[in-house]
Structure formats: C-alpha cells, structure tokens
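Structure first, commentary second.
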Amino acid sequence: MTAKALCRADALADGGGMSVELAPGKPGLLLLRDGETVRAYINSCPHQGTPLDLIPDRLRDESGRFLVCSTHGAHFRVEDGYCVSGPCTGASLRPAPIKLSQGWVTIEDG
Ligand code: FES
C-alpha cells in the first residue's frame, strides 16, 4: 500500500472543507478542517447514498458545526459524523482513515 496525497492541509479553510474524488464511480471524501484538526468522511449520505454536496462548496450549516446533506437536509455533527436531524437521524457518516504528513492530507491507496 502507498499513501495517496489528497490535498495540502492549508488548502482547507479553517472551519470549512472540500470534497475530493477518489476513483470514478466510487464515493469520494469530505475533508474538513477546524484549526489543526482535519477530519474525513466518506461522501455518502446514510439516507440514500448520495453525495452530501450536490450543491458544490456547501458543506456546513451557518453555525459551521454541522454538515448538511443537500438532498434532504440531514444535519451531521462535524466532530463525529453523527446525524442529529433529518431522515437518517441516529445514523452516522463513515469516517475515512486520513493522515497528515508534511503538510499533506493523505490516505492509504490500495
Ligand atoms: S440523501 Fe441525505 S438526507 Fe436524504
């Protein structure tokens, strides 16, 4: 296995994030940064499996504390991906095993 670089950590806005593709036809990742902490979830809503960001660059609600699924509005806590409201309340986003290495966000490839 090798590490695949996803983006520079400093390319993620503090309190923001971005979605990245991994492979054609497969769910990508949501990368989220809060201060020095970078988290990642599989970009697939537990309700119907759609990407959360069908509306590009709209990942969080106005408070910045919740990810919002653009399909039906489910809200997920940024810190653990737990759904607090919407049609999949009680479900969770799947975390992705990213690492930070020399300023890069990476994931094991293969
Ligand atoms: S697909 Fe996300 S809330 Fe329905």
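Order of appearance sets the numbers: ligands from 1, and atoms from 1 within every ligand. Atom set for the values below is all heavy atoms of this structure, side chains included, hydrogens, waters and symmetry mates excluded. The shown structure was predicted, so the numbers you read here are calculated from the model rather than taken from an experiment.
Relative orientation of the H75 and F66 rings is tilted, given thresholds of 30° and 60° on the angle between their planes.
Between G86 and ligand 1 there is no heavy-atom distance shorter than 4.0 Å.
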Start with the C-alpha distance between E79 and R65, add both sets of side-chain angles, then the distance that settles side-chain contact (heavy atoms from CB on, under 4.5 Å), and finish with yes or no. CA-CA 8 Å; E79 63 266 30; R65 296 173 43 230; 5.7 Å; no
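The closest side-chain donor-acceptor pair between T106 and S101, if any, does not fall under 3.5 angstrom.
Of all N, O or S atoms in H47, the one lying closest to atom 4 (Fe) of ligand 1 is ND1. In terms of distance to atom 4 (Fe) of ligand 1, the nearest N, O or S atom of H72 is named ND1.
Judged purely by atom type and a 3.5 angstrom limit, Y82 has no side-chain atom pairing as donor or acceptor with the backbone of A91. Although no hydrogens or angles enter the test, the distance criterion places a donor-acceptor pair under 3.5 Å between the side chain of S70 and the main chain of L54.
Summarising the geometry of M18 relative to L59, their closest heavy-atom pair is N-CD1, 3.5 Å, with the distance given to 0.1 Å.
For C88, every N, O or S atom stays at 2.8 Å or more from atom 2 (Fe) of ligand 1. For atom 2 (Fe) of ligand 1, the N/O/S atoms of C45 include one lying under 2.8 Å.
The residue from V68, T50, L54 that puts a heavy atom closest to atom 1 (S) of ligand 1 is T50.
In summary, the atoms of ligand 1 found under 4.0 Å from a heavy atom of A74, numbered by their order in the structure, are 3 (S). Ligand-side atoms of ligand 1 in range of Q48: 1 (S), range being under 4.0 angstrom from any heavy atom.
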